[in-house]
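Beneath this line is the structure, given in structure tokens, with notes to follow.
Owing to the predicted nature of the structure, the values given are computational and were not obtained by experimental measurement. Sequential numbering from 1 along the given sequence is applied to the chain's residues.
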Amino acid sequence: MSCNRIEGKLVAFMDGRANDADRRVVESHLAECAGCRARVEGFKDVWTMLGEVPMQEPSPAFEARLRARIAAEPQRPSFWAGLAAMLPSPRLALAVALLAVFSLWQSSRPPAVANNPAMPSSSDAEFRMIQDLPVLENYDVLMSLDSLSQPVAPAKSLPERN
């Protein structure tokens, strides 16, 4: 196994927190690699020296002084406080929201007929109307007949002839 992979497992191995599989892997690597063995020896020397340093207890007033210093630090405004400063009133927020909803609604509507390129231009429509002029004239004649506008009486049955 490479030294880079073993490096992450060395501290757990030295503390005794490594599981059995990791411990066996590290021990087999240390048996083969002189560089990693030297590194483990260096770690042991540092921990030995750190163990000889006397433990310092903080003074009884340490916590009170620390809390006073933290309280004296200027408070940074939160994101939401900055957002509230940008929107001074609920009315403005409502207006912006309504404007966004209206814009979305307008953009989802189909375009107006005048802007639709699929529709024929006015000259094409006029030409078609001129072509259909005889049909329109016949329709006009039929609609102006009085006989069509009067109700039709039921036809009397004629006597049968034998």
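- The nearest pair of heavy atoms linking Arg37 to Leu30 is NH1-O, 2.6 Å.
- The two residues Arg109 and Gln106 have their closest heavy-atom pair at NH1-OE1, 3.1 Å.
- Taking NE2 of His29 as the start and CZ of Arg5 as the end, the distance is 11.5 Å to the nearest 0.5 Å.
- Contact of the Trp47 side chain with the Asp15 side chain is registered, since non-hydrogen atoms from C-beta on lie closer than 4.5 Å.
- By the criterion of side-chain heavy atoms lying less than 4.5 angstrom apart, applied directly or through intervening Ile, Leu, Val, Met, Phe, Trp or Tyr residues, Val101 is not grouped with Leu104; the two fall into different hydrophobic clusters.
- Heavy-atom minimum distance, Val40 versus Met14: O-CE, 3.6 Å.
- The shortest side-chain heavy-atom distance between Ile70 and Arg67 does not fall under the 4.5 Å cut-off.
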If you look only at distance, which donor and acceptor atoms sit under 3.5 Å apart when one is on a side chain in residues 48-60 and the other is two or more places apart or in another chain?
| residue | atom | partner | partner atom | Å |
| --- | --- | --- | --- | --- |
| Thr48 | OG1 | Lys44 | O | 2.7 |
| Ser59 | OG | Phe62 | N | 3.4 |

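- Taken from CZ in Arg39 to CD1 in Ile6, the straight-line distance is 11.5 Å, to the nearest 0.5 Å.
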Handout entry: Verdict with supporting geometry, Asp20 and Arg23, side-chain contact (heavy atoms from CB on, under 4.5 Å)
Key = CA-CA 5 Å; Asp20 291 337; Arg23 186 177 46 77; 3.3 Å; yes

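- A chain of hydrophobic side-chain contacts below 4.5 Å, direct or via other Ile, Leu, Val, Met, Phe, Trp or Tyr residues, connects Leu10 to Val46.
- Taking CZ of Arg17 as the reference point, atom CG of Asp22 lies at 11.5 Å (rounded to 0.5 Å).
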